[in-house]
Asks: 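Quick one: the structure is below, and I'll ask about it shortly.
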Amino acid sequence: HKRVAILISGGGSNMLALLDSMTGDHRGRPCLVLSNDAKAGGLAKAAARGVATAVVDHRPFGQNRSAFEAELMKPLREAGTDIVCLAGFMRVLTDGFVSQLQGRMLNIHPSLLPKYKGLHTHRRALEAGDAEHGCTVHEVTARLDDGPILGQARVPILPEDTPEGLAARVLVQEHRLYPAVLRRFAAGDRRPLMLD
Ligand code: GAR
């Protein structure tokens with residue numbers, strides 16, 4: 001099996017969807033859930049499923065991103081990681097870290113990339129008057145929220161939508177999309193998966 005590490009910063013609902021998908025003929029198995037925040041709610045949920053967890057707090061490193069990333073790499077190496085899934089991991093990663101995991105790291109972003117890189121994607125889609133929104137899984141490269149697209153799921157925007165309501169409907173699609181893309185990726189299939 002490919003050993004899959006999942007990086008989180010928060011509640012970890014995407015992480016749980018990924019963990020629960022890695023059974024049967026799936027070519028991946030979870031090896032580690034790693035967070036930059038000891039308070040991330042996802043850590044206890046991963047531990048309750050018997051998955052190893054680790055925390056590397058970014059705060060003691062201040063602006064020194066590469067020192068933080070060197071510490072982040074240690075548990076990933078020790079776990080024998082083949083594939084890294086960023087799942088609500090809210091730290092920007094430098095070129096140095098990304099290049100060590102070139103072609104082996106995925107991210108989920110709550111917009112139809114290349115639209116709305118960065119934060120507040122739901123509010124920005126509403127303010128733009130878009131008819132649809134969604135989420136994207138992509139390979140991570142040194143450029144933020146960039147890199148080859150591995151899958152997208154679309155969500156219609158409703159007339160009275162709020163950022164919160166829209167985010168909740170996108171999140172449901174994230175939980176479909178990310179496991180489906182990881183399943184294919186772990187089997188060596190990088191063709192984009194487009195879900196409605
Ligand atoms: C998800 O909506 C994910 O797409 C987003 O954070 C949320 C995490 O939720 N990621 C980003 O904004 C990355 N910049 P979760 O912890 O419940 O999976």
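Because only heavy atoms are used, hydrogens play no part in the values below, and waters and symmetry mates are left out as well, while side chains stay in. Heads up: numbering here begins at 1 and tracks the sequence. This one's a predicted model, so the numbers in the text were calculated from it and none came from an experiment. Order of listing sets the numbers, starting from 1, for every ligand and every atom in it.
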Asks: For ligand 1, list all ligand N or O to protein N or O distances below 3.5 Å, rounded to 0.1 Å.
Replies:
unit_1	atom_1	unit_2	atom_2	d
ligand 1	2 (O)	E174	OE1	3.2
ligand 1	2 (O)	E174	OE2	2.9
ligand 1	4 (O)	E174	OE1	2.7
ligand 1	4 (O)	E174	OE2	3.4
ligand 1	16 (O)	G12	N	2.8
ligand 1	17 (O)	S13	N	2.8
ligand 1	17 (O)	S13	OG	2.5
ligand 1	18 (O)	S13	N	3.4
ligand 1	18 (O)	N14	N	2.9
ligand 1	18 (O)	N14	ND2	3.0

Asks: How long is the span from the OG atom in S35 to the CZ atom in R91, to the nearest 0.5 Å?
Replies: 11.0 Å
Asks: Determine, stepwise, if the pair H122 / H133 fulfils side-chain hydrogen bond (donor to acceptor under 3.5 Å, both in side chains).
Replies: CA-CA 8 Å; H122 310 296; H133 186 46; 2.9 Å; yes
Asks: Determine whether more than 12 heavy atoms belonging to other residues, nucleotides or ligands lie under 6.0 Å from atom CZ of R27.
Replies: no
Asks: Check whether H175 reaches the backbone of L16 with its side chain - one donor and one acceptor, N or O, closer than 3.5 Å.
Replies: no
Asks: Starting at CD1 of I108, measure out to CG of D145 and round the result to the nearest 0.5 Å.
Replies: 11.5 Å
Asks: By the side chain to side chain donor-acceptor pair (under 3.5 Å) test, which pairs, at least two apart or in different chains, include something from residues 153-165?
Replies: E132-R154, D161-R169
